[in-house]
Amino acid sequence: MKDKKPKNVFREGPISSDFIGNSIYKHQTKTSIGAHNIFLGQVRADEIDGKTVAAIDYTAYEDMANQKFHDIRESAFEKFELTCMHIYHSLGRVNAGEICLFVFVSSPRRKVVFEALEYIVEAIKADVPVFGKEIFEDETHKWKVNN
Amino acid sequence: MKDKKPKNVFREGPISSDFIGNSIYKHQTKTSIGAHNIFLGQVRADEIDGKTVAAIDYTAYEDMANQKFHDIRESAFEKFELTCMHIYHSLGRVNAGEICLFVFVSSPRRKVVFEALEYIVEAIKADVPVFGKEIFEDETHKWKVNN
Amino acid sequence: MVVTLKYFGQIAEVTQKEEEQIEIKETLISELLELLYSKYDGLKSKDFQIAQNHELVTNETAISGAEIALLPPFAGG
Amino acid sequence: MVVTLKYFGQIAEVTQKEEEQIEIKETLISELLELLYSKYDGLKSKDFQIAQNHELVTNETAISGAEIALLPPFAGG
C-alpha cells in the first residue's frame, strides 16, 4: 500500500460527512482489518477578544506540504503494521463546525491504530506548511498558530 | 452531557457506514468541538486451523453490559474534558468486513480525544460482558476471546 | 432461597439453557459452584467469571439472593 | 543567481505579494534575509521559518539557487 510519488492530500473546501462515511464503506471489502481509527479536525467558533471565529481560510505551500504528507505516510508505514492510511486536508474556506482534516488508519489490531493515528496527526500539525486565517464574523482576521 | 441512566448501547446487526457518517454530520452544529476521534471495530476473516471466519454472532449479558458501558462513560467524562461521547455495539450476526463497534469522542482539543478513546476502547474490551461466536464458512464455530 | 442463574456463550452450550431458577441452601458462591459442577458435566473445565447483581464477585462472596450469571471470556468489539 | 521567493500567510501580507524572482549575489540564507528585511518593512518582527527546495533550512545554509519560501507558523488541521 505504499505510494512512491506524493499524492495530493488537499481538497477544496470542507470535508463532508458523506465523504467520510463513503471512505469507511470502501474498507468493508478489506477483511484483514480489525480496527479503524479516524481523526477529524473541526473548525471551532472560538471567541478571541470578544469576536467569534466564523471560518478558517486555509492556504498551503502545496508542493512542500504534499511532500511532507508523503514523508509522514512512508514513515508511519515503516513504524506501524498498517493495512491502509488516508489523509485529506481542506484548502480555502471552512466554516465553524465543518471538518478540515480527515486522517484514517486501519490495521488488523487495535493497539497499532491508536499509536499510528496520534503519531500521524502530531506530525501533520508540526511539519506540514499549512496556514490558517481565522475569519471573524465582522470579516476581520487573525492568523492561527498550532500549539 | 452526562446521562444518569444507562442507555442501550446495542444495535441489532452491523453498524453501517451511513450511520457513522450521519453521526459525524450531527456534530457539525457543536462549534466548540475542535477534534473528533472515532474507533471502529471490524470483523476479520481470520483463518483458524485452515478455516476462515465468515461472521461473528454477538450476544451479551445486556443489563450488566449497558451498566458497564454507562460506568465507562461516566468515568471517561470525569477523567477527560469531553464534549460528547457515543458508543454503539452490535448484537447478532456481523459478517467479516462489517463493523461491530463504534466509539466516538469529541473535545475542544486533540490531545484529550486520543487519550479518552483508547481508555474507553480498552475498558470496553476488558469490562463489558459481550460474547462472540466466530462462525466459519462451514458453519462450525469457535468462541472468541479478547486479548 | 431462590436464585436466578444466567448462562452465556460457551457456558450456555454446556448447560444447554440460558437461564434457570433454583432453590438453594448454600450461602457462598463457591458452594453454589460445587452444586453446578455436579449438575453440569464439563462445566468445571470451562473458563468463566461470576457476576451477582451485575458486578463481578469472587468464590468467597456471599450469595445475596439475586441474579447470578456465569460469564465466559469477554469478546466485545 | 536568480532565486524564486515564495511568501505565505501573514508574510505575504507584509510583502504584498505571494511570489517574486530576484537576482542576488548573496550566498547564505542569512544574507538573503538581510536583503529582504531592508526591502520589506515589518518583516523582521514576523515569526517564520525558511524552506529551500521544500526542506527547512537555517540561516547558515548556503543558497543553492532554487525556490526559497518564507513560512509563517503552521496551522494545519
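To find a chain, count down the sequence lines: A is the first, B the second, and so on, and within it residues start at 1. Computed from heavy atoms alone, side chains included, the values below leave out hydrogens, waters and symmetry copies.
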**Complete:** Contact list (residues 110-117 of chain A to chain B, heavy-atom gap under 4.5 Å, by number) returns A/Arg110, A/Lys111, A/Val113, A/Phe114, A/Leu117
Side-chain donor-acceptor contacts of residues 34-42 of chain A below 3.5 Å, not counting sequence neighbours, with atom names and distances?
| residue | atom | partner | partner atom | Å |
| --- | --- | --- | --- | --- |
| A/His36 | ND1 | A/Ser106 | OG | 2.8 |
| A/His36 | NE2 | B/Gln42 | OE1 | 2.6 |
| A/Gln42 | OE1 | B/His36 | NE2 | 2.6 |
| A/Gln42 | NE2 | B/His27 | O | 3.1 |
| A/Gln42 | NE2 | B/Lys30 | O | 3.2 |

**Straight-line distance of A/Gln28 CD to B/Ser17 OG, nearest 0.5 Å** = 5.5 Å
**Fill in**
Rounding to 0.5 Å, atoms CD1 (A/Ile24) and CZ (B/Phe19) come to a distance of 12.0 Å
Heavy-atom contact with chain A under 4.5 Å, split by part of [X]:
X	answer
B/Ile99	both
B/Val121	side chain
B/Pro108	both
B/Thr29	neither
B/Ile33	both

Distance-only criterion, 3.5 Å: show the donor-acceptor pairs between side-chain atoms of residues 123-140 of chain A and protein atoms not counting sequence neighbours.
| residue | atom | partner | partner atom | Å |
| --- | --- | --- | --- | --- |
| A/Lys125 | NZ | D/Gly77 | O | 3.1 |
| A/Asp138 | OD1 | A/Thr140 | N | 3.0 |
| A/Asp138 | OD1 | A/Thr140 | OG1 | 2.5 |
| A/Thr140 | OG1 | A/Lys51 | NZ | 2.7 |

**Residues forming a side-chain hydrogen bond (donor to acceptor under 3.5 Å, both in side chains) with A/Asn95, sequence neighbours excluded** = A/Arg93
**Fill in**
Answer key: most heavy-atom pairs under 4.5 Å with chain A among B/Gly97, B/Ala96, B/Gly21, B/Ser23 is B/Gly97
**Message:** A quick test of your reading: do over 12 heavy atoms of other residues, nucleotides or ligands sit less than 6.0 Å from CD of A/Glu62?
**Reply:** yes
